[in-house]
There are 2 protein chains.
Amino acid sequence: MVLKGAEELAVPAEAARQARSDARTRQLLEAAARLMERSGSHGVSMQAVADEAGVSVGLIYRYFANKQELVQGVILGVLDDMARLIPAAVAPEADPVRRMVAAFSAYCRVVDDNREAVLLTYRESHTLDEEGRRLIKDLEVRTAQPLTDAIQEALDRGLLMPVDTRILSYDLLLIAHSWSLKHWYFAPRMTFEEFVASQSALMLATAVHPDHRDTYADLLGAPA
Amino acid sequence: MVLKGAEELAVPAEAARQARSDARTRQLLEAAARLMERSGSHGVSMQAVADEAGVSVGLIYRYFANKQELVQGVILGVLDDMARLIPAAVAPEADPVRRMVAAFSAYCRVVDDNREAVLLTYRESHTLDEEGRRLIKDLEVRTAQPLTDAIQEALDRGLLMPVDTRILSYDLLLIAHSWSLKHWYFAPRMTFEEFVASQSALMLATAVHPDHRDTYADLLGAPA
DNA sequence: CACGAATGAACGAGCATTCATTCTTGCTGA
DNA sequence: TCAGCAAGAATGAATGCTCGTTCATTCGTG
């Protein structure tokens, strides 16, 4: 949620107004997100958003200049959530390779919890303007940061084969997204846990240096 | 292009009409595809499609019952093209591992030639009905078939580590798509050739059995 | 000439956006 | 303490525009 911070907490009345305004903004964005994840931004009218939020149409325009701004708020909100959730979900593993796996499965879990939201970002990003798209890219790269960091550290310690960090980390990000993008393909063939385990095993089989394979035998388990 | 076959070639007049009708259908689908790849189906009006094709709005309704049917035609056309192009592009390599690489890079090349069309299928698939979505899934799985076959054969001959064919082939399909989906990320960081080479090397590093690595040293070249 | 192909103005539904009006809230001065 | 009064919050009917779809009419061809 990208909300203006209350700049002057010195004035309590002002702060209270700011808080109520933020709450309304959140309420509207949540209602819009709920609907748009189902039907896409074009399938949802401002009236429908108002109804879902239990307010009148006119009120939306007090908080968003127009529909495009509302849509942008929804998408950036979704991505912002992920940019917060994913770093937070990364287990504080000491070993870099184990942290890679932890970061990847955390990413998958967040994707699984927000499958429709992930789809929404792929479907609707192009409706945003230049500035909006720049923000999206920044946020997405940021969600991959924990993964990138873990890979880089594992590389530095000689635990991995020489791989291109930029490629491996983005491939993993994309594979995590694929649990949402290609749910119709994966879900009938395996459970979520099997998906994460198999993909992790595949990644480690790729990347871990042969000298250190034994250390991670527990993670490399035979693919389902 | 999914066109009704001329059922009765015995009647030449009928065949001629059929041919002209097919040409119109193609003309309209191409015009619609050109516009929708830029602006998505909701951003394109029937009037705009008619203008682009150089015909009147009314005529479209002679060939498509409504807009949704036109959109479906465009998306299925794009996927159908790929389902034809990709198997055709697979080099007739004898060695299964080299065929894997050939299939993957062929897939990437087709994606590169149709970047906007690939984006369109991701953005617009959800607007189709149940039947349309079933067709899409069939076509997409079919595009992965050459890849799947090559992997399976390599596995059978003991050239690969034990991997899950279903997962590896779909990961590769997705990674090829990612040249379109995440073009903004990859393109500033590497050329198309570097992308294909790095991803191929990554795949082979994963999958090729250590006993046979030397055979494919030329493909495993250090990642860019 | 007859029949299918093609036209494009007209229609109506749906939608984003506006704004005159009403309601709430919290402050002020008696 | 509280009546009353701004000012901001909220309402929702009205507006105007876009767009999908229709169909009476015209065109071209075999």
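Heavy-atom basis, side chains included; hydrogens, waters and symmetry copies ignored. In what follows, chains carry the letters A, B, and so on, assigned in the order in which the sequence lines appear, proteins first and then strands, with residues in each chain numbered from 1. All values derive from a computational prediction rather than experimental measurement.
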> Which two nucleotides bound the region of DNA chain D that has atoms under 4.0 Å from heavy atoms of chain A, read 5' to 3'?
Replying inline: D:dA9 to D:dG12

> Looking at CE of A:Met36 and CD of A:Glu124, how far apart are the two atoms once the value is rounded to the nearest 0.5 Å?
Replying inline: 7.5 Å

> Base, sugar-phosphate alone, or nothing: which one does B:Arg24 contact when heavy atoms must sit under 4.0 Å apart?
Replying inline: sugar-phosphate

>> Please determine whether a side-chain nitrogen or oxygen atom of A:Tyr61 lies at a distance below 4.0 Å from atom OP1 or OP2 of C:dC19.
In response: no

>> Quick check for you: to the nearest 0.5 Å, what is the distance between B:Ser41 atom OG and B:Gln72 atom CD?
In response: 12.0 Å

> In residues 40-59 of chain B, what residues come within less than 4.0 Å of DNA chain C, judged by heavy atoms?
Replying inline: B:Val55, B:Ser56, B:Gly58, B:Leu59

> Would you find a donor on one side and an acceptor on the other, under 3.5 Å apart, between the side chain of A:Thr191 and the backbone of A:Glu194?
Replying inline: yes

>> Give the residues of residues 64-74 of chain B touching DNA chain D, defined as any heavy atom closer than 4.0 Å, sorted by residue number.
In response: B:Asn66, B:Lys67

> Taking the six-membered ring of A:Tyr185, is NZ or CZ of A:Arg189 closer than 6.0 Å to its centre and within 45° of its axis?
Replying inline: yes

> Who are the side-chain contact (heavy atoms from CB on, under 4.5 Å) partners of A:Ser56, not counting sequence neighbours?
Replying inline: A:Leu59

> Applying side chain to side chain donor-acceptor pair (under 3.5 Å), which residue pairs with at least one partner in residues 61-71 of chain A are found, sequence neighbours left out?
Replying inline: none

> How many angstroms lie between CG in B:Leu135 and CD in B:Glu131, if you round to the nearest 0.5 Å?
Replying inline: 5.0 Å

>> Distance alone, cut at 3.5 Å: any donor-acceptor contact between the side chains of A:Glu37 and A:Asn114?
In response: no

> Which heavy-atom pair separates A:Ala48 from A:Leu35 by the least distance, and what is that distance?
Replying inline: O-CD1, 3.5 Å

> Going by the side chain to side chain donor-acceptor pair (under 3.5 Å) test, which pairs reach into residues 100-110 of chain A, not counting sequence neighbours?
Replying inline: A:Tyr107-A:Thr143, A:Tyr107-A:His177

> How many Å lie between CZ on A:Arg62 and P on C:dT18, as a whole number?
Replying inline: 13 Å

